[in-house]
Number of protein chains: 2
Amino acid sequence: MKKIVLERVGDVVRALGSGPRLELLEHVSQGERSVERLADAAGLSVANASQHLLKLRAAGFVRSRRDGKAVMYSLADPSVTELVAGLFRHAERTQAEIRAIVADSFGRLDRLEAVSRSELIGRLEEGAVTLLDVRPEDEFALGHLPGALNVRLDQLEARLAELPADREIVAYCRGPYCVLSFEAVAVLRSKGFTVRRLEDGYPEWLAAGLPTESAERAL
Amino acid sequence: MKKIVLERVGDVVRALGSGPRLELLEHVSQGERSVERLADAAGLSVANASQHLLKLRAAGFVRSRRDGKAVMYSLADPSVTELVAGLFRHAERTQAEIRAIVADSFGRLDRLEAVSRSELIGRLEEGAVTLLDVRPEDEFALGHLPGALNVRLDQLEARLAELPADREIVAYCRGPYCVLSFEAVAVLRSKGFTVRRLEDGYPEWLAAGLPTESAERAL
DNA sequence: CAATCATTCAAGCGATTGATTGAAGCATCG
DNA sequence: CGATGCTTCAATCAATCGCTTGAATGATTG
């Protein structure tokens with residue numbers, strides 16, 4: 001009896017224990033999207049992505065609904081984001097290999113200088129910062145932090161004029177392991193801007209129950 | 001690069017996705033013990049338990065140290081308990097099969113009537129409750145809630161005289177899925193005692209950083 | 001220093017999982 | 001109402017995982 005429960009919980013946990021599925025989950029947590037777009041974002045074949053998404057759904061991490069000919073997947077519950085974030089934190093803390101890669105490719109300093117969510121809230125209330133969302137337009141449209149300016153990373157150098165030179169900028173993207181905001185910080189600093197990263201990203205903001213804006217109709 | 005990190009995190013998560021390993025982890029979180037005793041507690045062969053424990057160690061969930069000829073395993077970090085508890089909550093919330101088994105075998109009512117940790121702390125401060133630890137003596141000796149009385153479930157009926165008839169009793173054991181305290185409540189109620197369960201157990205109390213007592217020397 | 005004991009390693013087997021391909025559902029749109 | 005397009009199912013093969021068995025390691029004990 002107890003063994004059955006443990007085995008079932010094991011099934012649920014195992015559904016998370018796969019690189020492709022963790023990546024799909026990261027993309028799903030940006031907002032509701034079709035199988036095809038998720039497959040594209042994660043670099044998987046549509047059939048393969050579909051299978052992975054079905055497993056995530058069976059394990060209760062995402063849910064789906066039919067919209068015309070497309071099936072739209074979205075996060076089952078905001079608490080999933082926190083659960084997954086906890087697992088990433090644990091893995092980064094205990095796995096030397098992950099720490100090494102993270103330290104290498106993301107840069108130790110940028111991590112330490114990141115702005116926490118609570119600090120950002122305080123600074124936003126003071127009106128002291130400009131928020132910069134460096135994700136693609138479609139993810140921005142699905143939802144973003146209130147008042148954020150959206151400039152895709154590859155357009156950043158062309159649109160520097162839109163950014164304030166005399167205010168601090170806080171850049172964010174998909175989450176703590178998303179490289180977009182790291183690169184945005186590097187680019188902007190080299191141009192003389194005052195800029196820091198948000199330590200996590202949009203999904204964590206959403207999961208914390210904080211207000212968001214969206215260009216499309218509410219979910 | 002990112003794929004490597006995701007794959008490694010997947011490895012870590014997969015280390016948790018196994019019934020036997022979840023059971024071993026539950027026993028480890030009661031306190032430090034040798035491979036042999038853990039194998040016995042989980043009903044596994046020693047070699048098999050050793051392999052599972054090595055995987056849990058590689059994934060950073062437990063740690064080991066040599067003590068004479070025995071290797072003692074203990075939880076790597078109290079936060080592991082919370083992480084695992086979060087996964088169990090998610091699984092119970094989303095998996096109909098688990099909900100059914102839990103509702104069946106543990107009893108819906110007892111779950112609702114369980115005492116939360118914060119409520120228990122309040123009642124302990126009032127001096128209004130007697131704590132009853134129904135785990136085996138060896139687990140009790142490794143650590144227990146302050147002032148708790150230890151009476152193993154199978155001795156409960158023989159030692160009723162040690163329990164107060166006019167005060168509320170709160171029984172606890174290994175955690176929210178441990179049957180011992182459910183059965184203790186059933187036995188004691190049938191004898192006319194006022195008794196409720198703690199909603200979780202000793203490991204969660206420990207992970208919350210609350211004070212404990214132990215018969216052996218501190219870890 | 002050799003014997004002993006708990007644990008870990010190594011190899012092998014059966015069972016399960018992941019990715020690929022092609023075909024089948026299913027809801028819309030003309 | 002049949003055609004279209006997105007998604008899921010089914011079948012396949014390679015790869016991995018879990019458990020068992022038997023030997024090796026490492027630290028103690030006489």
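Order of the sequence lines fixes the chain letters, A, B, ..., with proteins taken first and strands second; residue numbering starts at 1 for each chain.
Judged purely by atom type and a 3.5 angstrom limit, B/R197 uses its side chain to pair as donor or acceptor with the backbone of B/E199. Under the 3.5 Å distance criterion, the side-chain polar atoms of A/W205 are left unmatched by any main-chain donor or acceptor of A/R117.
Rounded to whole Å, atom P of C/dC5 lies 15 Å from atom CZ of B/R66. Here the C1' atom of nucleotide C/dT8 and the CG atom of B/L56 are 16 Å apart, to the nearest Å. With rounding to whole Å, B/M72 atom CE is found 15 Å from C/dC5 atom C1'. The interatomic distance linking A/H52 (NE2) with C/dT20 (C1') rounds to 11 Å, in whole Å. When the C1' atom of C/dT17 is taken as reference, atom CG of A/L54 falls 15 Å away, rounded to whole Å. At whole-Å resolution of the value, CG in A/D67 and P in C/dC29 are 10 Å apart.
Residue contacts for A/S34: at a heavy-atom cut-off of 4.0 Å it reaches the sugar-phosphate backbone alone, with no base atom in range. Backbone-only contact: B/R21 has heavy atoms under 4.0 Å from sugar-phosphate atoms and none from a base.
With respect to the salt-bridge test (charged N to carboxylate O, under 4.0 angstrom), the residues B/R37 and B/D40 do not qualify. For B/R63 and B/D77, the salt-bridge test fails: no basic side-chain N is under 4.0 Å from an acidic carboxylate O.
For B/Y172 and B/Y202, the gap between ring centers reaches or exceeds 6.0 Å. Ring centroids of B/H90 and A/F61 are separated by less than 6.0 Å, placing the two rings close together.
Nucleotides of DNA chain D lying under 4.0 Å from heavy atoms of chain B occupy a range whose first and last members, 5' to 3', are D/dG18 to D/dT28.
Open room surrounds CD on A/E157; 12 or fewer heavy atoms of other groups in view lie less than 6.0 Å from it.
Contacts of residues 43-51 of chain A with DNA chain D (heavy atom under 4.0 Å): A/A47, A/S50, A/Q51.
Closest-nucleotide positions on DNA chain D for A/E36 and B/D11 were compared, and the one nearer the 5' end corresponds to A/E36.
Residue B/Y73 has no polar side-chain atom (N or O) positioned under 4.0 Å from OP1 or OP2 of C/dA6.
Looking at B/S64 and B/E32, their side chains never come closer than 4.5 Å, going by heavy atoms from C-beta outward.
In this structure, a donor-acceptor pair under 3.5 Å is present between the side chains of B/Q30 and B/R135.
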